[in-house]
Amino acid sequence: MKNEIEIPQQLSALREFTAARIAIGRAGNSIPLKQSMEFKLAHAHARDAVYSTLDIDGLFTRLEVFGFPVLHLHSQAANRHKYLKRPDLGRLLNDDYKERLNCNVTNPDIAIIIADGLSAEAVNGNAYSLLKILIPKLLDAKLTVGPICLVEHGRVAIGDDIASGLKARFSILLIGERPGLSAADSMGAYLTYNPQPGLTDESRNCISNIRKHGLSYKHAADKIFYLVSESFRRKLSGVGLKDNAGLLGES
């Protein structure tokens with residue numbers, strides 16, 4: 001008797017709305033071969049993303065068009081193995097690179113930091129396209145932007161260390177998110193008012209899944225700009241600041 005792939009009808013209609021593995025069907029008591037192989041391929045892509053590296057030269061070339069200095073920095077994690085084993089080292093700037101910050105202190109309104117995180121592939125592919133829309137919005141609002149910092153082996157909290165060193169009032173950290181089995185190229189944006197070393201996650205706002213097949217660059221830039229504007233107006237960020245942009249104009 002020929003094995004038929006059975007797909008739950010009540011779930012199959014949802015597949016057009018998500019890349020998540022739903023309604024993949026079954027062949028007898030097993031996952032169909034095609035879907036099993038796709039799962040293994042996605043897992044391989046996720047592992048590759050974790051070990052991907054920043055395209056320093058390519059990012060430098062693209063980011064220099066904005067007219068700001070571009071700084072190449074490094075966390076205290078000397079290599080990828082140390083970065084994955086010691087998250088604490090990825091949160092702190094290597095002392096050998098602090099002189100580069102000291103030479104570029106301009107007290108900007110905004111510090112922009114780009115870190116590889118857990119998927120350098122994500123920032124290699126998405127950071128420039130987002131900033132191309134976001135930076136003109138910031139400049140039109142008369143906000144000053146400091147040097148753009150590229151950080152190898154960086155985690156979210158390193159943005160506080162760097163922005164504080166630049167004496168910035170606000171930090172925008174773009175970082176590769178933990179790869180999932182439906183997206184290995186997802187970038188997140190972490191926003192912090194008055195960034196200082198030692199802050200924890202409740203002090204930040206996060207916008208996730210920025211990528212071509214996720215949250216669009218324009219939508220992400222609009223959300224970031226709204227939160228930046230509200231943050232400066234209310235002098236806070238994090239759990240006390242909500243994304244109410246969609247409620248504006250509603251009665």
Side-chain angles (χ1 to χ4, degrees), residues 54 56-76 90-117 123 126-176 187-199 203-207 210 217 220-221 223-233 235-238 241:
L54 280 178
I56 298 295
D57 292 340
L59 287 169
F60 257 91
T61 300
R62 281 173 282 172
L63 295 173
E64 283 178 336
V65 304
F66 297 121
F68 305 114
V70 181
L71 306 182
H72 179 198
L73 304 175
H74 206 293
S75 77
Q76 292 184 9
R91 300 182 184 116
L92 299 172
L93 185 64
N94 187 306
D95 290 338
D96 293 341
Y97 289 81
K98 288 187 176 181
E99 184 60 30
R100 297 186 185 183
L101 291 186
N102 296 336
C103 295
N104 286 274
V105 174
T106 56
N107 299 77
D109 293 318
I110 307 289
I112 296 175
I113 301 110
I114 300 172
D116 45 10
V123 292
N126 298 308
Y128 170 74
S129 296
L130 172 65
L131 292 177
K132 185 168 63 173
I133 301 172
L134 177 61
I135 286 179
K137 288 176 173 286
L138 300 174
L139 298 180
D140 287 346
K142 308 303 181 186
L143 294 169
T144 58
V145 177
I148 300 176
C149 300
L150 300 179
V151 189
E152 289 190 83
H153 306 320
R155 293 186 182 268
V156 171
I158 203 168
D160 299 330
D161 209 8
I162 294 170
S164 176
L166 293 171
K167 301 188 185 307
R169 298 171 62 198
F170 194 94
S171 70
I172 299 174
L173 175 83
L174 305 180
I175 192 167
M187 184 177 73
Y190 288 82
L191 317 175
T192 310
Y193 181 79
N194 191 25
Q196 299 291 331
L199 294 180
S203 301
R204 310 180 236 279
N205 293 90
C206 176
I207 298 171
I210 303 169
Y217 304 130
K223 280 181 171 289
I224 292 170
F225 181 71
Y226 170 81
L227 288 169
V228 169
S229 301
E230 286 296 289
S231 189
F232 275 103
R233 183 177 71 85
K235 297 181 172 23
L236 56 82
S237 61
L241 180 64

Spacing of Leu131 atom CG and Lys137 atom NZ [to the nearest 0.5 Å]: 13.0 Å
Note, Asp160 side chain near Arg204 side chain (heavy atom, < 4.5 Å): yes
Nearest heavy-atom neighbours spanning His72 and Tyr97: O-CD2, 3.4 Å
From CA spacing to verdict: side-chain contact (heavy atoms from CB on, under 4.5 Å), Ile224, Leu130: CA-CA 10 Å; Ile224 292 170; Leu130 172 65; 4.0 Å; yes
Derivation and outcome, side-chain contact (heavy atoms from CB on, under 4.5 Å), residues Leu93 and Leu101: CA-CA 10 Å; Leu93 185 64; Leu101 291 186; 3.5 Å; yes
Donor-acceptor under 3.5 Å (Ser75 side chain, Leu92 main chain): no
Atom of Tyr193, atom of Phe170 and distance for their closest heavy-atom approach: CA-CD1, 3.7 Å
Gap between atom CD1 of Ile135 and atom CG of Asp140 - 0.5 Å precision: 12.0 Å
Test item: Leu73 and Ile113 side chains (from C-beta on) under 4.5 Å apart, heavy atoms: no
Test ring-ring contact (aromatic ring centres under 6.0 Å, His included) applied to Tyr128 and Phe66, Tyr217, Phe60, the passing residue: Phe66
Minimum heavy-atom distance between Ala163 and Ala111, given as atom pair plus value: CB-CB, 4.0 Å
Test item: Thr144 side-chain N/O and Asp109 main-chain N/O as donor-acceptor pair under 3.5 Å: yes
Any donor-acceptor N/O pair, Asn126 side chain to Met187 backbone, under 3.5 Å: no
Carboxylate-amine/guanidinium proximity below 4.0 Å for Asp95 and Lys98: yes
Non-hydrogen side-chain atoms of Phe68 and Pro147 separated by less than 4.5 Å: no
Minimal non-hydrogen separation, Ala115 against Val123, with atom names: O-CG1, 3.6 Å
From Ser171 atom OG to Ile162 atom CD1, the distance as rounded to the nearest 0.5 Å: 9.5 Å
Reported CD1-to-CD1 distance for the pair Ile207 and Ile172, which is rounded to 0.5 angstrom: 9.0 Å
Interatomic distance, Ser237 atom OG to Leu199 atom CG [nearest 0.5 angstrom]: 8.0 Å
Gap separating the CZ atom of Phe232 from the CG atom of Asn194, nearest 0.5 angstrom: 10.0 Å
Closest heavy-atom pair and its distance - Thr192, Ser203: CG2-O, 3.9 Å
Asp116 (side chain) donor-acceptor with Gly154 (main chain) under 3.5 angstrom: yes
Any side-chain heavy-atom pair of Asp161 and Pro197 under 4.5 Å: yes
Under 3.5 Å: donor-acceptor pair, side chain of Asn205, backbone of Leu241: yes
Shortest non-hydrogen contact from Gly117 toward Ile175: CA-CG1, 3.5 Å
